[in-house]
There are 2 protein chains.
Amino acid sequence: MLSKKCKYAIHALIYLAERKDKGPVHIQEIADKQHIPKKFLEGILLELRNAKVLHSKKGKGGGYYLHKRPEDVSLVEVIRLMDGAIAMLPCVSLNYYEKCEECRDEKTCGIRDAFVDVRDETLRILSRSTLAQILKRQKELK
Amino acid sequence: MLSKKCKYAIHALIYLAERKDKGPVHIQEIADKQHIPKKFLEGILLELRNAKVLHSKKGKGGGYYLHKRPEDVSLVEVIRLMDGAIAMLPCVSLNYYEKCEECRDEKTCGIRDAFVDVRDETLRILSRSTLAQILKRQKELK
DNA sequence: ATAAAATCTATAGAATTTATAGACTATAAG
DNA sequence: CTTATAGTCTATAAATTCTATAGATTTTAT
C-alpha cells in the first residue's frame with residue numbers, strides 16, 4: 001500500500017500540474033485545497049524539490065511550481081521518492097536492492113521469478129502514468 | 001514490500017509442501033530449519049490453519065501439514081491472509097476495498113486507472129504462482 | 001499418568017509513519 | 001532598509017504497525 005505521504009505527494013503534484021505557468025503556489029494553498037497537514041506537506045515538497053521535480057521561490061510571492069514537464073513526471077518516480085522500492089521483495093528491487101535474509105540462496109530461490117514479473121509489469125504501467133496522462137484522464141472523466 | 005510475517009509464511013508453506021504426505025511437522029522443526037522465531041511462527045501457522053490452508057494435529061506426534069493441495073495454494077492467497085490487500089490503493093482493492101480519504105471523487109479520479117491495471121497484472125502473476133509451481137521451479141534451478 | 005505439542009491470551013519492544021513546533025533564511029515591495 | 005511573506009531546517013512527539021516473547025491451557029499418543 002502507498003503511504004499517506006506518497007498519496008499526498010501525488011495529489012500535490014497534480015494540483016501543481018493543473019496550475020503550471022500560473023506562477024508559484026503557496027504551501028498553504030496546496031495544503032488547504034488537498035487537505036494535507038501543512039507541516040507534513042512542507043517536508044514532502046522539499047523532497048520533491050531536492051529531486052528536481054519541483055522548484056521553489058522564497059519570500060513574498062514565492063511558492064512551489066513544477067520544474068519537470070508534466071509528461072516527464074511518472075508515478076514510478078514519485079513512489080520511489082516517497083516510499084522507496086516498487087518491488088514486493090528487496091532482493092528483486094532494481095533501485096533499492098537488498099539481500100533477503102530469509103532466502104538461503106538467491107540463485108535457486110523459486111519465489112523470486114514471480115516477483116520479478118510483478119515488478120516489471122508494475123514498472124511498465126506506472127511509467128506510462130505521468131502527471132500529463134493523469135490530467136488528461138481526469139478531463140475525459142468529467 | 002511484503003512483511004516478514006508474510007515471507008515467513010511463504011517459506012513455512014514451501015517447507016510443508018516439500019514434506020507433504022510425511023505426516024505432521026512440528027512448529028519447532030519449521031522454526032529451526034527456516035530460521036523463524038518459534039512464537040511468531042505459531043501465530044502465522046494458526047492463521048493459515050483458520051484459513052483452511054493447513055491442518056494441525058495436537059498432542060504427541062502432532063504438528064502442522066498442508067490441507068489444500070500445493071497447486072491450490074497461490075501467493076495471492078498467502079499475501080492476502082498475511083498482509084491484506086494486493087492493491088496499492090485501498091480504493092482499488094477487490095478484497096479490502098476502502099474509500100480513499102484523499103480522493104474527492106472516485107468517478108473522476110485520474111489516478112485509479114493505473115492502479116487498477118497494476119492490481120490486475122499483479123493478481124494474474126501471483127495467482128499462477130502456487131506452492132506446486134514454486135517447488136517445480138526450485139528443482140529446475142538446482 | 002505423563003510427556004509432547006498445538007492453542008490461546010496478553011503484552012512488550014522496536015520500527016516506521018504521521019504530524020507538529022519553532023527558529024532561521026531569503027525575497028519582494030513599499 | 002524595514003516589514004511581512006513564504007520557504008528551509010532541525011528536532012521531537014504522537015500514533016500506528018510490525019516483530020517478538022511469555023506463560024497458562026488444552027489435546028492426544030503412549
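Worth knowing before you read on, the calculation uses all heavy atoms, side chains too, and leaves out hydrogens, waters and symmetry mates. We name chains A, B, ... by the order of the sequence lines, and we start the count at 1 in each one.
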Asker: In whole angstroms, how far is the C1' atom of C:dA26 from the CZ atom of A:Arg49?
Answerer: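 The answer, rounded to whole Å, is 12 Å.
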Asker: Please list, chain by chain and in numerical order, all residues satisfying salt bridge (Lys or Arg N to Asp or Glu O under 4.0 Å) with A:Glu18, sequence neighbours excluded.
Answerer: none
Asker: Can you sort out the partners of B:Ala114 under side-chain contact (heavy atoms from CB on, under 4.5 Å), two or more places apart, ordered by chain and number?
Answerer: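 side-chain contact (heavy atoms from CB on, under 4.5 Å) check on B:Ala114 returns A:Leu75, A:Ile125, A:Leu126, A:Ser129.
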Asker: Using a 4.0 Å cut-off on heavy atoms, which residues in residues 3-31 of chain A reach DNA chain C? List them by number, or say none.
Answerer: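 Here the set is A:Ser3, A:Lys4, A:Lys5, A:Tyr8.
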Asker: Whole angstrom is fine here: how far is it from CG in A:Leu46 over to C1' in C:dT25?
Answerer: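 Atom-to-atom, A:Leu46 to C:dT25, this comes out as 13 Å.
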Asker: Taking only residues two or more places apart in sequence or in another chain, which ones pass side chain to side chain donor-acceptor pair (under 3.5 Å) with B:Glu47?
Answerer: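 In terms of side chain to side chain donor-acceptor pair (under 3.5 Å), with neighbours along the sequence ignored, B:Glu47 is linked to B:Lys5.
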Asker: What pairs with A:Glu42 under side-chain contact (heavy atoms from CB on, under 4.5 Å), at least two apart in sequence or on another chain?
Answerer: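 A:Glu42 satisfies side-chain contact (heavy atoms from CB on, under 4.5 Å) with A:Ile27, A:Lys38, A:Lys39 only.
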Asker: Using atom types as modelled and distance alone, determine if a side-chain donor or acceptor of B:Arg119 lies under 3.5 Å from a backbone N or O of B:Val92.
Answerer: yes
Asker: Within this structure, what is the CG-to-C1' distance between B:Asp83 and C:dT16, rounded to whole angstrom?
Answerer: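 Checked: the CG to C1' distance equals 15 Å.
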Asker: For B:Glu47 and D:dT19, give me the distance from atom CD to atom C1', rounded to whole Å.
Answerer: 13 Å
Asker: Can you tell if the side chain of B:Leu135 reaches within under 4.5 Å of the side chain of B:Gln138, non-hydrogen atoms only?
Answerer: yes
Asker: What is the distance from CG of B:Leu2 to P of D:dC18, rounded to the nearest Å?
Answerer: 12 Å
Asker: Quick one: list whatever passes side-chain contact (heavy atoms from CB on, under 4.5 Å) with A:Lys33, sequence neighbours left out.
Answerer: A:Tyr15, A:Glu29
Asker: A:Leu54 CG to D:dA6 C1': how many Å, rounded?
Answerer: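 It works out to 15 Å between those atoms.
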Asker: Generate the contact string for nucleotides 21-30 of chain D. Rules: B means base contact, S means sugar-phosphate contact only, - means no protein heavy atom under 4.0 Å.
Answerer: BBB--BBBS-
Asker: If you look only at pairs with a residue in residues 74-83 of chain B, which of them pass as a salt bridge (Lys or Arg N to Asp or Glu O under 4.0 Å), with sequence neighbours excluded?
Answerer: B:Lys68-B:Glu77
Asker: Take the protein atom NE2 of A:His55 and the nucleotide atom P of C:dA26, then report the distance between them rounded to whole Å.
Answerer: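 The distance from NE2 of A:His55 to P of C:dA26 comes to 17 Å, rounded to the nearest Å.
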Asker: Please list all pairs passing the side-chain hydrogen bond (donor to acceptor under 3.5 Å, both in side chains) test where one or both residues lie in residues 84-93 of chain A, with sequence neighbours left out.
Answerer: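 Listed by first then second residue: nothing to list.
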Asker: Touch check for B:Gly63, heavy atoms < 4.0 angstrom, all strands: base, sugar-phosphate only, or nothing?
Answerer: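 Answer is sugar-phosphate: B:Gly63 comes under 4.0 Å of backbone atoms only.
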Asker: Let me know the distance between CG of B:Leu45 and P of C:dA6, rounded to the nearest Å.
Answerer: 9 Å
